[in-house]
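Questions regarding the structure given below will be posed in turn.
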Amino acid sequence: MIIGVPKEIKVHEGRVAITPAGVMELTRRGHQVYMQRNAGIASNLPDERSLQAGAILFDTGEEIYAMADMIVKVKEPLESEYRLIREGQVLFTYLHLASDKRLTEAMIDSGAVCIAYETVMDQHGALPLLTPMSEVAGRLSVQQGAKYLEKPQGGKGVLLGGVPGVQPAEVVIIGAGVVGQNAALMAAGLGANVKLLDINLNRLRYLSEVMPANVQTLYSTEMSITESLCVADLVIGATLTVGARAPHLVSREMLKGMSPGTVMIDVSVDQGGWFETTRPTTHADPIYEVDGIIHYCVANIPGAVPITSTRALTNATMPYVVRLADYGWKEASGRFADLRVGLNILNGEVVFRNVADSLGLPFKEIRW
């Protein structure tokens with residue numbers, strides 16, 4: 001199989017979908033890897049290393065798309081890439097279709113086989129290809145929150161961990177999954193007072209046992225969210241509905257009870273966002289203000305640390321890339337249930353129910 005790796009074109013997206021180690025593994029198995037020049041440069045993976053591992057380099061993404069049987073990416077295709085994706089081609093990447101009808105319709109029209117990293121699910125219900133980037137995003141959300149709490153950045157002027165004799169910041173994290181857990185650990189490690197909200201009592205029981213003493217778990221209701229927001233300095237939205245558009249848990253009305261300069265970070269922005277006031281931003285222009293509240297809604301948060309993120313992501317994705325290359329998408333999906341639930345669009349139809357329901361599109365059940 002020919003596996004194509006184009007350079008990511010999203011603003012300040014430095015991750016790359018396959019490392020030289022992955023190239024070596026695929027070529028050793030008899031596959032060809034076509035990579036766009038400088039695709040890994042921001043991840044400190046120069047072309048020379050990919051060449052030594054067996055990759056064939058091309059100057060443009062158009063060449064890669066035209067020749068590859070399978071395109072492996074990090075982020076969803078942007079509008080300029082829609083026309084390059086062709087019928088029968090496998091597209092394996094983060095897609096987040098439920099929040100983007102235009103992208104979904106473009107992929108339907110392309111006739112491509114679209115497999116989404118974020119909906120691959122193992123037998124235990126875990127999301128192995130989303131987890132590493134959720135770990136990065138959770139930790140980085142606190143780092144960014146601490147920065148934008150600084151007065152010159154528009155924030156309150158609060159030091160996250162405080163100092164002796166001065167109260168630390170109040171951090172509210174909505175959602176106690178992988179993102180929330182990592183955000184809580186990071187914030188607690190810096191000395192903040194942390195409230196971690198979720199509706200899963202078993203998850204809260206577990207986290208209350210393993211988290212530091214400055215992390216308080218709280219059952220999530222509209223009232224508990226509202227009350228927590230009133231005292232918050234930093235709010236992190238970190239919940240997830242697999243493959244579906246995120247519902248709004250924080251309304252614009254709730255912002256009125258918050259103090260000016262509070263920072264809100266929406267880690268779920270690529271699924272539509274958990275705040276009613278969320279709109280996607282970029283690393284080049286990451287924040288905006290609504291009613292005195294600073295919003296950080298970058299849709300590719302882990303892209304800010306590509307050296308870390310690329311290695312964490314490809315550690316998880318490569319076994320699946322190898323399966324798809326060795327068996328082809330159809331046999332691989334039949335053999336491996338986790339890959340099968342990664343299928344989002346097939347033969348011009350939406351085959352993942354949450355995507356179809358979120359966008360009001362017809363759903364087609366796959367028969368195996």
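It should be emphasised that the depicted structure is a prediction, and the values quoted were computed from it without experimental measurement.
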Within a reach of under 6.0 Å around CD of E87, are more than 12 heavy atoms found that belong to other residues, nucleotides or ligands?
->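 Counting other residues, nucleotides and ligands, CD of E87 stays at 12 neighbours or fewer.
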CD/E222: more than 12 non-hydrogen atoms of other groups inside 6.0 Å |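 Not buried by this count: 12 neighbours or fewer within 6.0 Å.
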Knowing that exactly one of I115, V113, I3 qualifies, which makes a side-chain contact (heavy atoms from CB on, under 4.5 Å) with L324?
->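 Of the listed residues I115, V113, I3, the side-chain contact (heavy atoms from CB on, under 4.5 Å) partner of L324 is I115.
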Report the residues that fulfil side-chain contact (heavy atoms from CB on, under 4.5 Å) with L78, sequence neighbours left out, ordered by chain and then residue number.
->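 Here the qualifying residues are I9, K10, E76, E81.
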Set of side-chain contact (heavy atoms from CB on, under 4.5 Å) partners for N315, sequence neighbours left out |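 With sequence neighbours excluded, N315 shows a side-chain contact (heavy atoms from CB on, under 4.5 Å) to no residue whatsoever.
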Tell me the ring pair (Phe, Tyr, Trp, His ring centres under 6.0 Å) pairs involving residues 129-182, sequence neighbours left out?
->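 Listed by first then second residue: Y148-Y296.
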Do any pairs count as a ring pair (Phe, Tyr, Trp, His ring centres under 6.0 Å) and have a residue in residues 62-82, sequence neighbours left out, and if so which ones?
->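 Applying ring pair (Phe, Tyr, Trp, His ring centres under 6.0 Å) to every pair that reaches into residues 62-82, excluding sequence neighbours, yields nothing.
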Could you tabulate the donor-acceptor pairs under 3.5 Å formed by side-chain atoms of residues 32-39, not counting sequence neighbours?
unit_1 : atom_1 : unit_2 : atom_2 : d
Q36    : OE1    : K7     : N      : 2.9
Q36    : OE1    : G61    : N      : 3.4
R37    : NE     : D59    : OD1    : 2.7

How would you list, by chain and number, every residue that makes a side chain to side chain donor-acceptor pair (under 3.5 Å) with H295, sequence neighbours excluded?
->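 Applying side chain to side chain donor-acceptor pair (under 3.5 Å) to H295 gives T277.
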Between H12 and N300, a side-chain donor and acceptor under 3.5 Å =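 Side-chain D/A pair, H12 to N300: absent.
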Pairs under 3.5 angstrom only: tabulate donor-acceptor contacts from the side chains of residues 125-134 to other protein residues two or more places apart or in another chain.
unit_1 : atom_1 : unit_2 : atom_2 : d
T131   : OG1    : L127   : O      : 2.8
S134   : OG     : L130   : O      : 3.0

Contacts of T217 that satisfy side-chain contact (heavy atoms from CB on, under 4.5 Å) - sequence neighbours left out =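 Per chain and number, T217 pairs via side-chain contact (heavy atoms from CB on, under 4.5 Å) with L204, L207, S208.
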Could you pull out all residues at least two apart from E276 that satisfy salt bridge (Lys or Arg N to Asp or Glu O under 4.0 Å)?
->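 E276 satisfies salt bridge (Lys or Arg N to Asp or Glu O under 4.0 Å) with no residue once adjacent residues are dropped.
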Charged N-O contact under 4.0 Å between E253 and K256 |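 Salt bridge present between E253 and K256.
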In chain order, what residues pass the side-chain contact (heavy atoms from CB on, under 4.5 Å) check against E289, with sequence neighbours excluded?
->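 With sequence neighbours excluded, E289 shows a side-chain contact (heavy atoms from CB on, under 4.5 Å) to I294, given in chain and number order.
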Of all residues at least two apart in sequence or in a different chain, which pass the ring pair (Phe, Tyr, Trp, His ring centres under 6.0 Å) check with Y117?
->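 Y117 satisfies ring pair (Phe, Tyr, Trp, His ring centres under 6.0 Å) with F92, Y94 once adjacent residues are dropped.
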Those residues that, when tested against Y327, pass ring pair (Phe, Tyr, Trp, His ring centres under 6.0 Å) (two or more places apart) |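 Partners of Y327 under the ring pair (Phe, Tyr, Trp, His ring centres under 6.0 Å) test: F336.
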